[in-house]
Colleague: 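Supplied in structure tokens, the structure appears directly below.
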Amino acid sequence: LAVGWNQAGNPYPSPLNWPDVAAANPGLGATAYIWNSSGFYGGTMQPLSALIPSDNIASSQGFQVEVLGPAPQSVNIAFDNTMRRTGNTSFQRNGSQYDQRLDLLVTGNGFADKTHIVFLDGPTNGWDGDFDGRKCESNAGQPTIFSKINSEMMSINARPEFDHNGASVDVGLLGGATGSFDLSLGTFEGFPFGTMVLLEDKQLNVFQNLLVDSTYSVTVGATNLATDYTVHFTPPVKFSSIEESCDKNDGSISIDLGT
């Protein structure tokens with residue numbers, strides 16, 4: 001693990017609510033990560049909130065968390081019974097905690113990974129420890145897909161509320177090994193009807209509408225260089241009209257393309 005990252009576990013015979021743990025332990029990152037298997041001996045660390053909407057960590061489940069602030073710095077994680085939950089790990093909330101969410105997936109060489117771009121009230125376009133989650137690079141030979149905040153690899157990239165201005169988010173891919181990979185649209189929820197999602201391949205100057213063709217195939221030839229892309233979120237076009245009267249040319253059609 002890199003400096004600042006730590007392994008911990010749920011010590012209780014019941015689910016443990018991660019937001020309660022994070023709130024009671026200042027200095028911890030807002031995001032916990034758990035192992036998400038993609039096959040025999042394969043998988044990646046993924047944000048808990050992206051896999052389990054309730055943010056409840058299962059009994060005895062191990063997880064990974066970051067200590068914020070300059071190194072060296074340590075935090076003793078304190079647990080108590082108020083953080084425990086009954087029932088299964090997803091009973092508390094069935095819906096998404098985000099207003100809008102897009103998952104971008106990569107598959108290839110028998111492995112898979114994903115990154116998450118979300119919109120909600122609260123975060124900025126920069127790093128926000130209460131909302132964003134840094135990305136852990138996959139094991140050797142496995143692909144890693146991530147979004148970027150100031151060139152830093154992110155697993156969860158939380159952005160301000162989605163509006164008529166749209167948004168553009170930079171994305172990177174580390175192949176882990178030479179081969180062909182598919183970038184594809186995963187979860188896509190909460191966006192206004194008519195929103196367009198364009199994937200830009202910045203090396204080839206190619207744009208693809210992921211809502212029309214959800215898979216974009218690439219070839220990665222260098223294992224130590226990140227291939228660059230941008231995901232463009234274009235809001236729906238808004239029309240308004242004024243009906244023309246019988247004796248004047250006073251009708252009009254207005255088109256709002258945002259800014």
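What you see is a predicted model; the values in this text were computed from it and never measured.
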Colleague: Identify the residue among V21, L48, I52 that makes a side-chain contact (heavy atoms from CB on, under 4.5 Å) with I57.
Modeller: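 Of V21, L48, I52, side-chain contact (heavy atoms from CB on, under 4.5 Å) with I57 is met by L48 alone.
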Colleague: Identify the residue among D213, D103, L105, L211 that makes a side-chain contact (heavy atoms from CB on, under 4.5 Å) with L185.
Modeller: L211
Colleague: Hey, does the side chain of N10 reach the backbone of Q61 with a donor-acceptor pair shorter than 3.5 angstrom?
Modeller: no
Colleague: Is there a donor-acceptor contact under 3.5 Å from the side chain of Q203 to the main chain of D228?
Modeller: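 No; zero donor-acceptor contacts below 3.5 Å.
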Colleague: Kindly write out the residues that satisfy side-chain contact (heavy atoms from CB on, under 4.5 Å) with D80, not counting sequence neighbours, or none if the list is empty.
Modeller: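 For D80 the side-chain contact (heavy atoms from CB on, under 4.5 Å) partners, ignoring immediate neighbours, are T82, M83.
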Colleague: Can you check whether E152's main-chain N or O pairs, donor with acceptor, with N150's side chain at less than 3.5 Å?
Modeller: no
Colleague: Using every non-hydrogen atom in the two residues, find where G126 and D128 come nearest and quote the distance to one decimal.
Modeller: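 In this case the closest contact between G126 and D128 is O-OD2, 3.0 Å.
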Colleague: Of the non-hydrogen atoms in L68 and L28, which two are nearest, and what is the gap between them?
Modeller: CD1-O, 3.8 Å
Colleague: Test: salt bridge (charged side-chain N to carboxylate O under 4.0 Å, His left out). Region: residues 166-182. Which pairs qualify, not counting sequence neighbours?
Modeller: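 Salt bridge (charged side-chain N to carboxylate O under 4.0 Å, His left out) check on residues 166-182 returns D170-K202.
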Colleague: Are any side-chain N or O atoms of N17 and backbone N or O atoms of N56, one a donor and one an acceptor, separated by less than 3.5 Å?
Modeller: no
Colleague: Under the rule for side-chain contact (heavy atoms from CB on, under 4.5 Å), what residues qualify as partners of S49, not counting sequence neighbours?
Modeller: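 By the side-chain contact (heavy atoms from CB on, under 4.5 Å) rule, S49 matches P47, D55, Q97, Y98, I156.
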Colleague: Any sub-3.5 Å donor-acceptor pair from S59's side-chain atoms to Y12's backbone N or O?
Modeller: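 Answer holds: yes.
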Colleague: Of the non-hydrogen atoms in N205 and F207, which two are nearest, and what is the gap between them?
Modeller: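 Distance-wise, the nearest heavy atoms are OD1-CE1, 3.9 Å.
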Colleague: Minimum heavy-atom separation for T230 and S168, please, with both atom names.
Modeller: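 Minimum heavy-atom contact is CG2-CB, 4.0 Å.
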Colleague: Would you kindly say whether Q46 and D113 are connected by a side-chain donor-acceptor distance under 3.5 Å?
Modeller: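 Present: a donor and an acceptor within the cut-off.
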Colleague: Can you name the nearest heavy-atom pair linking Q208 to T215, along with the distance?
Modeller: NE2-O, 2.8 Å
Colleague: Assign the ring pair F191 / F233 to parallel, tilted or perpendicular, where the plane angle (0 to 90°) is split at 30° and 60°.
Modeller: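 Judged by the thresholds at 30° and 60°, the geometry between F191 and F233 is parallel.
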Colleague: Please answer whether the main-chain N or O of I117 pairs with a side-chain N or O of N157 as donor and acceptor at a distance below 3.5 Å.
Modeller: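 Side chain of N157 to backbone of I117, a donor-acceptor pair under 3.5 Å: no, none is there.
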Colleague: If every non-hydrogen atom of G166 is compared with every non-hydrogen atom of P235, which pair is closest and at what distance?
Modeller: CA-CD, 3.7 Å
Colleague: Under a 3.5 Å distance rule, please check whether W18 uses its side chain to pair with a backbone N or O of A30 as donor and acceptor.
Modeller: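 Present.
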Colleague: Answer with yes or no whether the side chains of T144 and S138 bring together a donor and an acceptor at under 3.5 Å.
Modeller: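 Yes.
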Colleague: Is there a donor-acceptor pair under 3.5 Å between the side chain of T115 and the backbone N or O of M154?
Modeller: yes
Colleague: Give a yes/no verdict on a cation-pi contact between R134 and W127, requiring under 6.0 Å between NZ or CZ and the six-membered ring centre and an angle within 45° of the axis.
Modeller: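 Yes, R134 and W127 form such a contact.
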